[in-house]
Amino acid sequence: RKYGIKSGFVELDIQNNFINVPIKSTLWFDKYGDLEMSEERSEMEMMGQKIITHTRRITRDGFIYTIDMVKKTGTKAKINSFAELNSFDFSKYSEDLLKKWNIKELPEATVLNKKCKVTSFESSSMKGTVYIWQGINLNSEINVSGMEMKSKATKLETNIPVKKDIFEVPADVKIL
């Protein structure tokens, strides 16, 4: 199980010092994370033009669908070990990887009234701290080669009914 609870919704605010544009991110999941749909949206103005990004990522049946909701195109990829490691579930990491990434458990912290396990990690090009509750990333501070990204959960709902159609690729999207 990816998450320690059956279903939920998380809303996050993301700040990135590279583009300095606030990003809204949402995550819906069911069946302990076997079904998952996350979205990120941002708007910015550059040289008088409004630029909108809207990306949706659906995980189901052993595949990840990454969709550009503005262009209505997407890709499909089989879930591999990298996707699993990308979840910040450090219990799945080998001893060698734990040492290589200098992974350390820090004192617990509270985010949205949930007691989170706090873990830091560092490699030659990346370092960060993540705040995980029931497998769900509620807060993170990550720096990749000087590019800093911070995310903070602003809303969390757990064990809620989730509409199954949000885990489907929209009919107007072409998977390439």
Side-chain angles (χ1 to χ4, degrees), residues 2-3 5 7-47 49-80 82-89 111-112 114 116 119 121 125-158 160 162-176:
K2 185 172 182 179
Y3 302 123
I5 52 178
S7 63
F9 170 79
V10 184
E11 186 176 84
L12 298 130
D13 284 337
I14 300 173
Q15 289 291 324
N16 178 330
N17 74 343
F18 183 67
I19 58 172
N20 203 24
V21 173
I23 299 169
K24 277 284 187 206
S25 177
T26 56
L27 167 69
W28 291 90
F29 65 92
D30 201 359
K31 296 184 180 183
Y32 299 92
D34 285 348
L35 297 173
E36 189 175 66
M37 191 278 290
S38 61
E39 285 189 296
E40 290 185 358
R41 299 171 193 246
S42 69
E43 285 187 30
M44 64 187 247
E45 196 157 316
M46 186 181 286
M47 299 186 333
Q49 291 228 315
K50 187 184 240 184
I51 299 170
I52 299 171
T53 63
H54 179 185
T55 304
R56 183 177 292 178
R57 184 174 154 173
I58 298 170
T59 305
R60 61 172 298 135
D61 304 324
F63 291 92
I64 298 174
Y65 300 84
T66 304
I67 302 166
D68 182 326
M69 296 298 290
V70 176
K71 294 179 181 174
K72 300 293 185 186
T73 60
T75 59
K76 176 182 175 181
K78 187 144 183 63
I79 294 175
N80 59 27
F82 176 75
E84 291 173 9
L85 293 178
N86 203 21
S87 73
F88 295 117
D89 180 354
V111 178
L112 295 178
K114 304 295 183 191
C116 296
T119 307
F121 58 91
S125 62
M126 184 187 334
K127 67 179 180 177
T129 305
V130 292
Y131 300 69
I132 307 293
W133 175 77
Q134 297 290 327
I136 303 165
N137 184 357
L138 294 183
N139 200 8
S140 64
E141 300 152 9
I142 298 173
N143 187 310
V144 180
S145 301
M147 188 171 71
E148 189 174 277
M149 188 167 65
K150 294 180 180 182
S151 70
K152 183 170 179 110
T154 56
K155 187 175 184 178
L156 171 67
E157 297 176 15
T158 60
I160 57 172
V162 179
K163 293 180 180 179
K164 301 299 180 221
D165 63 345
I166 67 168
F167 304 114
E168 300 291 336
V169 175
D172 61 345
V173 169
K174 182 178 181 179
I175 300 298
L176 306 173

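Because only heavy atoms are used, hydrogens play no part in the values below, and waters and symmetry mates are left out as well, while side chains stay in. As the structure is a computational prediction, the values presented were derived from the model and not from experiment.
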Handout entry: Trp133 versus Cys116, closest heavy-atom pair with distance
Key = CB-SG, 3.9 Å

Handout entry: Met149 CE: over 12 foreign heavy atoms closer than 6.0 Å
Key = no

Problem - pair Thr119-Ile132: side-chain heavy atoms closer than 4.5 Å - result: no

Problem - Interatomic distance, Thr129 atom OG1 to Glu141 atom CD [nearest 0.5 angstrom] - result: 5.5 Å

Exercise for the section: Scan side-chain atoms only and decide if Ser151 and Ser140 contain a donor-acceptor pair under the 3.5 Å cut-off. Expected result: yes

Problem - Approximate separation, where rounding is to 0.5 Å, of Phe29 CZ and Ile166 CD1 - result: 11.0 Å

Completion exercise
All heavy atoms of Asp68 vs all of Val70, minimum pair found to be OD1-N, 2.9 Å

Problem - Distance, nearest 0.5 Å, that separates CD of Gln15 from CD1 of Ile23 - result: 8.0 Å

Fill in the blank from the handout: On a heavy-atom basis, the closest approach of Thr73 and Leu176 is CB-CD1, 4.2 Å

Problem - Flag if over 12 foreign heavy atoms under 6.0 Å of NZ, Lys164 - result: yes

Handout entry: Donor-acceptor under 3.5 Å (Ser7 side chain, Ile160 main chain)
Key = yes

Practice task
Supply the atom-to-atom distance Arg56 CZ to Met37 CE, rounded to the nearest 0.5 angstrom.
Solution key: 5.0 Å

Problem - Taking every non-hydrogen atom, the tightest pair across Ile58 and Glu168 - result: CD1-O, 3.4 Å

Problem - Lys72 vs Pro170 side-chain heavy atoms within contact, under 4.5 Å - result: no

Exercise for the section: Could you walk me through whether Ser42 and Thr53 pass side chain to side chain donor-acceptor pair (under 3.5 Å), step by step? Expected result: CA-CA 5 Å; Ser42 69; Thr53 63; 2.5 Å; yes

Exercise for the section: Determine whether Ile136 and Ile5 make a side-chain contact, defined as any pair of heavy atoms from C-beta on separated by less than 4.5 Å. Expected result: yes

Practice task
Side-chain contact test, heavy atoms from C-beta onward, threshold under 4.5 Å: evaluate it for Lys2 versus Glu36 and give yes or no.
Solution key: yes

Handout entry: Heavy-atom closest contact (Gly74 atom, Val173 atom, distance)
Key = N-CG1, 4.2 Å

Practice task
Quick one: pull up CE in Met126 and CZ in Phe121 and give me the separation to the nearest 0.5 Å.
Solution key: 6.0 Å

Handout entry: OG1 on Thr158 to CG on Leu112, rounded to 0.5 Å
Key = 11.0 Å

Practice task
Of all the heavy-atom pairs spanning Arg60 and Tyr65, show the shortest one and how long it is.
Solution key: CG-CE1, 4.0 Å

Exercise for the section: For a side chain to side chain contact (heavy atoms under 4.5 Å, CB included) with Ile14, tell me which candidate from Lys24, Lys150, Glu40 qualifies. Expected result: Glu40

